[in-house]
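Here is the structure we will look at.
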Amino acid sequence: MEKLKQIYEGKAKRLYETDDPDLLIQEFKDDATAFDATKRGTIVNKGIINNKLSEKLFILLTDKGIPTHFVKRLNDREMLVKRVQIVPVEVTIRNIVAGGMAKLLGLEEGIVLKDAVLEYHYKEDKLHDPLINEYHIKALKIATDKELDTIKKYSFMVNEALKAFFNSKGLTLVDFKLEFGRNKNKIILADEISPDTCRLWDKETNEKLDKDRFRRDLGGVEEAYQEVLRRVLE
Ligand code: TMP
Ligand code: ASP
């Protein structure tokens, strides 16, 4: 597989074309940002950890019947993925109140929700990824009714699969963010699944083992990412 032109650089990843028009190389960087990139830093080896974690979790989700862009991991920092047109919506699922939901509704972090909450955020940093609902998505033709049904169905399937998996590793899945894309007119899961995009708390102590350690200057950031990888791969 030949690595050709870089076609995209985001905050945490780069995408390159390959000699196959349907396949891209996704490279994971160590760069970390928060609050729409107003806070910037580096998490040493984050790219390697998130590449390996995403590999493991995409394979798990594929086995549960959720189609993803993952094809195979190529090396420490790169995976081969299917080319998608990203749907510009971040899907957040929450099992426990934290972060944005705590702030939006003036709630304490840690309240266990009776049912999982699904949110859509329009993917536009300049607007701070505003919260939108299904009516916005349909009226603005961001996705069709059928695509949105698929996105919703897959998102809850991901939640069930990841909740059970992380629980078996001594981790509570508090919330997470997914991105979907279109490949050959089908909706598939894209982007990454990692401590950048999930809140993970130790099941016994509720210690935060995710990017909140960076966002909130809690220290031990690299160690937390390493610990998640260790548990997930054991
Ligand atoms: P939030 O509580 O800040 O809305 O975050 C919800 C989840 O989404 C959390 O697990 C972190 C993840 N997330 C991202 O992956 N990217 C983002 O830009 C933001 C704001 C959150
Ligand atoms: N990565 C996001 C940003 O820099 C925010 C976050 O994950 O908190 O905007």
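Order of appearance sets the numbers: ligands from 1, and atoms from 1 within every ligand. In this text, all values refer to a predicted model and were calculated from it rather than measured experimentally.
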For ligand 1, which atoms sit closer than 4.0 Å to a heavy atom of Cys198?
10 (O)
Provide the closest heavy-atom pair for Asn133 versus Tyr135 in the form atom of the first, atom of the second, distance.
OD1-N, 2.8 Å
Among all protein heavy atoms, pick out the one at the shortest distance from atom 3 (C) of ligand 2; state its residue, atom name and that distance to 0.1 Å.
Lys11 NZ, 3.2 Å
Which of the ligand 1 atoms, numbered from 1, are nearer than 4.0 Å to a heavy atom of Gly99:
2 (O)
Which residue is it: Leu4, Leu24, Ile25? I am looking for the one with a side chain to side chain contact (heavy atoms under 4.5 Å, CB included) to Thr18.
Ile25
On a heavy-atom basis, the closest approach of Arg231 and Gly170 is NH1-O, 3.0 Å
Which residue and non-hydrogen atom of the protein lie closest to atom 2 (O) of ligand 1, and at what distance in Å?
Gly100 N, 2.6 Å
Between Asp196 and ligand 1, find which residue part has any heavy-atom pair under 4.0 Å and reply side chain, backbone, both or neither.
backbone
Mind telling me whether Phe58 and His69 have parallel, tilted or perpendicular rings, with 30° and 60° as the class edges?
perpendicular
Is Met101 close to ligand 1, meaning an N/O of one under 3.5 Å from an N/O of the other?
no
Gap separating the CZ atom of Arg14 from the CD atom of Glu27, nearest 0.5 angstrom
4.5 Å
Which atom of Lys46 lies closest to which atom of Ala12, heavy atoms considered
NZ-CB, 3.9 Å
Please say whether Arg199 places an N or O atom under 3.5 Å from an N or O atom belonging to ligand 1.
yes
Give the residue, atom name and distance (to 0.1 Å) of the protein heavy atom nearest atom 8 (O) of ligand 2.
Arg215 NE, 2.6 Å
Distance col, row Glu90:CD vs Tyr122:OH, nearest 0.5 angstrom, shows 11.5 Å
In Å, rounded to the nearest 0.5 Å, how long is the span from CG of Asp19 to CE of Met1?
5.5 Å
Nearest protein heavy atom with distance in Å, relative to atom 7 (O) of ligand 2
Lys211 NZ, 2.9 Å
Of the protein's non-hydrogen atoms, which lies at the shortest distance from atom 17 (C) of ligand 1, and what is that distance?
Glu90 OE1, 4.1 Å
So Lys11 and Asp125, salt bridge (charged side-chain N to carboxylate O under 4.0 Å, His left out) or not? Walk me through it.
CA-CA 11 Å; Lys11 288 174 287 192; Asp125 272 355; 2.7 Å; yes
List ligand 1 atoms under 4.0 Å from Phe176, heavy atoms only on the residue side.
10 (O)
Quick one: does Arg215 get a heavy atom under 4.0 Å from ligand 1?
yes
Would you check whether Thr92 has a nitrogen or oxygen atom less than 3.5 angstrom from a nitrogen or oxygen atom of ligand 1?
no
Considering non-hydrogen atoms only, spot the tightest contact between Ala190 and Val84 and give its length.
CB-CG2, 4.0 Å
Considering only protein heavy atoms, determine whether one is less than 4.0 Å from atom 12 (C) of ligand 1.
yes
Least distance between heavy atoms, Thr172 atom then Ile96 atom:
CG2-CD1, 3.6 Å
Atom indices of ligand 1 within 4.0 angstrom of Thr197 heavy atoms, with elements
10 (O), 12 (C), 15 (O)
Heavy-atom nearest neighbour in the protein, as seen from atom 8 (O) of ligand 1, with distance rounded to 0.1 Å:
Lys177 CB, 3.4 Å
May I ask you to list the atoms of ligand 2 that are less than 4.0 angstrom from any heavy atom of Ala37?
3 (C), 4 (O), 9 (O)
Element-labelled atoms of ligand 2 that are located less than 4.0 Å from some non-hydrogen atom of Asp36
3 (C), 4 (O), 9 (O)
Ser194, Pro195, Cys198 screened by side chain to side chain contact (heavy atoms under 4.5 Å, CB included) with Asp210, the one that passes
Pro195
Nearest non-hydrogen protein atom to atom 9 (C) of ligand 1, with distance, is Asp175 OD1, 3.1 Å
Can you find a side-chain donor-acceptor pair between Asn95 and Asn159 that sits under 3.5 Å?
yes
If you scan protein heavy atoms around atom 4 (O) of ligand 2, the nearest is Thr33 OG1, 2.4 Å
Return yes when Arg94 approaches ligand 1 closer than 4.0 angstrom through a heavy atom, no otherwise.
yes
